[in-house]
Number of protein chains: 2
Amino acid sequence: MADAARQTMQSLTEGVYLSLRRDLLSCKIKPGEKLKINEIALRLGVNASGIREALSRLTSEGLVAMEVQRGFRAAPVSITDLRDLTKTRIQIETLCFETALAHGDVDWEAHIVSAFHKLSHLPEFERINGQDCVNDVWMKAHGNFHQALVSACDSAWLMKMRSSLYVQSERYRQLSVPFRLEAERAPYIKAQEDEHRILMEAALKRDLATITDILDAHFGRTAQFVEALASDIAFLSE
Amino acid sequence: MADAARQTMQSLTEGVYLSLRRDLLSCKIKPGEKLKINEIALRLGVNASGIREALSRLTSEGLVAMEVQRGFRAAPVSITDLRDLTKTRIQIETLCFETALAHGDVDWEAHIVSAFHKLSHLPEFERINGQDCVNDVWMKAHGNFHQALVSACDSAWLMKMRSSLYVQSERYRQLSVPFRLEAERAPYIKAQEDEHRILMEAALKRDLATITDILDAHFGRTAQFVEALASDIAFLSE
DNA sequence: TCAACCAATAAAATCGATTTTGTTGATCGA
DNA sequence: TCGATCAACAAAATCGATTTTATTGGTTGA
């Protein structure tokens with residue numbers, strides 16, 4: 001890791017930060033899990049101070065929780081939080097759409113069409129040695145598509161808010177992945193894909209009303225899915 | 001400092017964080033100013049790793065900017081950013097008000113009335129050895145009043161967004177303080193106080209339309225004030 | 001039996017020193 | 001005169017070790 005970071009990353013701490021962030025978002029590090037500084041330092045082959053620095057940043061981002069003199073743990077998740085998060089996401093994303101629709105030009109439209117095309121040719125899931133995982137490439141493309149839709153929004157602050165909420169919700173999405181059964185999955189995927197197309201078309205037509213409706217359903221889906229699994233997910237409280 | 005922190009704070013790093021945050025918000029540390037780790041460590045009498053940790057947190061909060069291998073500096077300010085910030089603040093705060101008005105009960109109303117009363121009996125400015133400063137107590141009371149208005153909002157995420165935007169705008173407000181002349185000040189203060197009263201009354205009457213109008217004017221004031229001073233403030237770019 | 005105490009351990013917080021990287025300013029040759 | 005080169009310096013990044021603080025598990029005495 002130290003070597004990998006020295007080559008690809010600009011600094012070791014940056015590498016630690018990205019590495020932890022990835023594991024947190026994919027729920028490889030489970031919500032509520034203790035994050036022992038020395039253990040991580042040993043595992044990644046870097047000094048403890050870099051770990052502290054990375055964890056502090058992640059704390060500000062809401063992915064890690066800190067208790068003074070008691071260290072760090074992965075930020076907890078809860079149904080209450082997920083509901084609030086989803087509702088807030090819809091509100092903020094709607095604000096982004098309002099300006100994006102007003103400012104969007106033909107480049108923006110092209111950007112959306114392109115991102116949709118890429119997304120629609122990727123499978124959401126893949127099997128890695130028997131385990132069901134979200135396809136990383138799909139995840140990225142999915143993020144890019146939603147980003148493209150609002151990319152004509154000219155408010156850096158609004159986009160920053162949007163981005164931090166998006167990250168949070170990705171974490172919840174990952175949470176539900178191992179519990180999604182093959183059989184139950186198909187209709188969800190179908191609905192999702194349909195919604196992506198409708199979102200694209202509504203954006204091109206500057207149809208905010210339709211967009212708001214679909215956002216409700218689209219963002220709500222993950223929330224409902226996770227809620228339905230609440231009893232199966234050990235660390236998910238009310 | 002080390003001793004002060006050991007007594008009042010839970011940890012040295014926490015103390016460093018709060019100390020730097022205060023100086024950043026009051027613009028005692030000027031936007032764009034270099035933040036040398038060793039210098040700060042020496043000045044506050046603590047180790048460099050704690051400084052790095054605090055600065056990393058402040059970076060995530062948008063009060064500090066970091067460049068890899070080039071260290072930290074106070075986050076820059078610009079008129080463009082201020083305009084965006086103000087607009088976004090109004091949007092988010094409006095969302096907060098919507099739920100606050102819907103959920104607010106008599107306790108909430110009492111909270112507002114109380115916060116207003118305290119605020120209205122404090123002077124905004126004070127003179128500290130010949131220098132014009134914003135009165136710290138007023139600042140706190142002002143923050144509390146605005147917080148009280150939306151305190152019945154039940155969305156933790158929305159309130160978190162609101163809070164980080166509020167902090168940012170406080171920084172801009174401080175920026176304009178040394179340039180506010182005694183003579184020009186009175187009408188502004190009067191207008192502000194009137195707006196506070198109108199906000200309170202509109203909140204009690206659940207009158208969202210009036211609130212939105214006043215927010216526009218109230219938040220816009222600082223922005224206009226700073227913009228008018230743009231040429232006088234060295235580090236304020238377009 | 002059980003709460004209060006204490007020692008041993010584990011972990012967090014902090015430190016001082018070292019290594020790495022960027023910056024500055026002087027020197028050289030064209 | 002000007003750009004390139006490089007040494008000396010300053011600052012950031014990293015490290016290994018120490019100090020401080022929580023936690024745990026066992027012992028004592030009521």
Side-chain angles (χ1 to χ4, degrees), chain A residues 1-21 23-24 29-61 63-76, chain B residues 1-21 23-24 29-61 63-76:
Chain A
M1 168 67 200
D3 292 326
R6 229 178 281 275
Q7 281 164 20
T8 43
M9 249 66 75
Q10 298 144 313
S11 80
L12 291 179
T13 301
E14 190 73 13
V16 170
Y17 166 76
L18 290 173
S19 164
L20 285 174
R21 190 171 193 276
D23 291 351
L24 250 6
I29 299 175
K30 296 196 176 41
E33 189 178 326
K34 191 76 213 292
L35 297 166
K36 294 183 195 167
I37 297 172
N38 284 328
E39 193 223 288
I40 298 173
L42 208 64
R43 181 159 54 83
L44 300 185
V46 299
N47 193 266
S49 36
I51 310 291
R52 287 191 66 86
E53 205 180 310
L55 288 173
S56 297
R57 285 172 65 182
L58 292 164
T59 300
S60 296
E61 288 179 40
L63 290 172
V64 165
M66 182 187 93
E67 277 180 296
V68 183
Q69 307 286 30
R70 285 157 163 246
F72 302 85
R73 53 182 63 245
Chain B
M1 168 69 203
D3 292 324
R6 227 177 282 273
Q7 278 163 21
T8 43
M9 247 65 74
Q10 299 146 311
S11 81
L12 291 179
T13 301
E14 190 73 13
V16 170
Y17 166 76
L18 290 173
S19 165
L20 285 174
R21 190 170 193 275
D23 291 350
L24 250 6
I29 299 174
K30 294 195 177 41
E33 190 178 325
K34 190 75 214 287
L35 297 166
K36 293 182 195 169
I37 297 172
N38 284 328
E39 194 222 287
I40 299 172
L42 210 63
R43 180 159 55 82
L44 300 186
V46 300
N47 194 266
S49 36
I51 310 291
R52 287 191 66 86
E53 205 181 311
L55 287 173
S56 297
R57 283 172 66 181
L58 291 163
T59 299
S60 296
E61 289 179 39
L63 290 172
V64 164
M66 182 187 94
E67 278 180 296
V68 182
Q69 306 287 29
R70 286 156 164 247
F72 302 85
R73 52 181 67 244

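First the proteins, then the strands, lettered A, B, ... as listed; each starts at 1. Owing to the predicted nature of the structure, the values given are computational and were not obtained by experimental measurement.
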**Student:** CG/L24(B) to CD/E33(B) distance, rounded to the nearest 0.5 angstrom?
**Tutor:**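 Going from the CG atom of L24(B) to the CD atom of E33(B) covers 9.0 Å.
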**Student:** Counting heavy atoms from C-beta on, name the nucleotide in dT14(C), dG16(D), dT14(D) closest to the side chain of S11(A).
**Tutor:**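 For S11(A), the side-chain atoms sit closest to dT14(D).
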**Student:** E53(B) has an atom CD; how far is it from atom C1' of dA12(C), in whole Å?
**Tutor:**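 It works out to 10 Å between those atoms.
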**Student:** Would you find a donor on one side and an acceptor on the other, under 3.5 Å apart, between the side chain of R73(A) and the backbone of G32(A)?
**Tutor:**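 It does hold such a pair.
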**Student:** Rounded to the Å, how far apart are E39(B) CD and dA11(D) P?
**Tutor:**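 It is 9 Å, rounded to the nearest whole Å.
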**Student:** How many angstroms lie between atom CG of D23(B) and atom CG of L18(B), to the nearest 0.5 angstrom?
**Tutor:**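 Those atoms lie 11.0 Å apart.
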**Student:** Please report, rounded to the nearest Å, how far the P atom of dA13(D) is from the CD1 atom of I51(B).
**Tutor:**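 The answer, rounded to whole Å, is 14 Å.
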**Student:** Between dA12(D), dC15(D), dC15(C), which nucleotide has the shortest distance from any of its atoms to the side chain of S49(B)?
**Tutor:**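 Closest nucleotide to the S49(B) side chain: dC15(C).
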**Student:** Specify the residue among Q69(A) and N47(A) whose closest nucleotide of DNA chain D lies further upstream toward the 5′ end.
**Tutor:**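 Result of the comparison: N47(A).
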**Student:** To the nearest Å, how far apart are E67(B) CD and dA13(D) P?
**Tutor:**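 Taking CD of E67(B) and P of dA13(D), I get 10 Å after rounding.
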**Student:** According to a strict under-4.0 Å criterion, is R52(B) in side-chain N/O contact with OP1 or OP2 of dA12(D)?
**Tutor:**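 Indeed not, no polar side-chain atom of R52(B) lies that close.
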**Student:** Taking only residues two or more places apart in sequence or in another chain, which ones pass side-chain contact (heavy atoms from CB on, under 4.5 Å) with R57(B)?
**Tutor:**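 Scan of R57(B) (side-chain contact (heavy atoms from CB on, under 4.5 Å), adjacent residues dropped) gives S56(A), S60(A), M66(A), E14(B), Y17(B).
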**Student:** Please report the distance, rounded to the nearest Å, between CG in L12(B) and P in dT18(D).
**Tutor:**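 To the nearest whole Å, that distance equals 19 Å.
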**Student:** With respect to the side chain of F72(A), which nucleotide from dA13(D), dA13(C), dC15(C) is positioned closest?
**Tutor:**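 For the F72(A) side chain, the nearest candidate turns out to be dA13(C).
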**Student:** Quickly work out the E14(B) CD to dT21(D) P distance and round it to whole Å.
**Tutor:**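 About 15 Å, once rounded to whole Å.
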**Student:** With sequence neighbours excluded, tell me which residues meet side-chain contact (heavy atoms from CB on, under 4.5 Å) with Q69(B).
**Tutor:**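 Scan of Q69(B) (side-chain contact (heavy atoms from CB on, under 4.5 Å), adjacent residues dropped) gives none.
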**Student:** Can you tell me the distance, in whole Å, between the CD atom of Q10(A) and the P atom of dA12(D)?
**Tutor:**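 The distance from CD of Q10(A) to P of dA12(D) comes to 16 Å, rounded to the nearest Å.
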**Student:** Let me know the distance between CG of L42(B) and C1' of dA10(D), rounded to the nearest Å.
**Tutor:**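 Computing the L42(B):CG to dA10(D):C1' distance gives 14 Å.
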**Student:** I'd like a table of atom pairs between the protein and nucleotides 8-11 of chain C - only N or O on both sides, under 3.5 Å - with the distance next to each one.
**Tutor:**
residue	atom	partner	partner atom	Å
dA11(C)	OP1	K36(A)	NZ	2.7

**Student:** Quick one, R21(A) with E61(A), criterion salt bridge (Lys or Arg N to Asp or Glu O under 4.0 Å). Give me CA distance, side-chain angles, the key distance, then yes/no.
**Tutor:** CA-CA 10 Å; R21(A) 190 171 193 276; E61(A) 288 179 40; 3.4 Å; yes
**Student:** Locate the shortest heavy-atom distance separating K34(A) from F72(A); write the atom from each residue and the value.
**Tutor:**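 Taking K34(A) first and F72(A) second, the nearest heavy atoms are CE-O, 3.3 Å.
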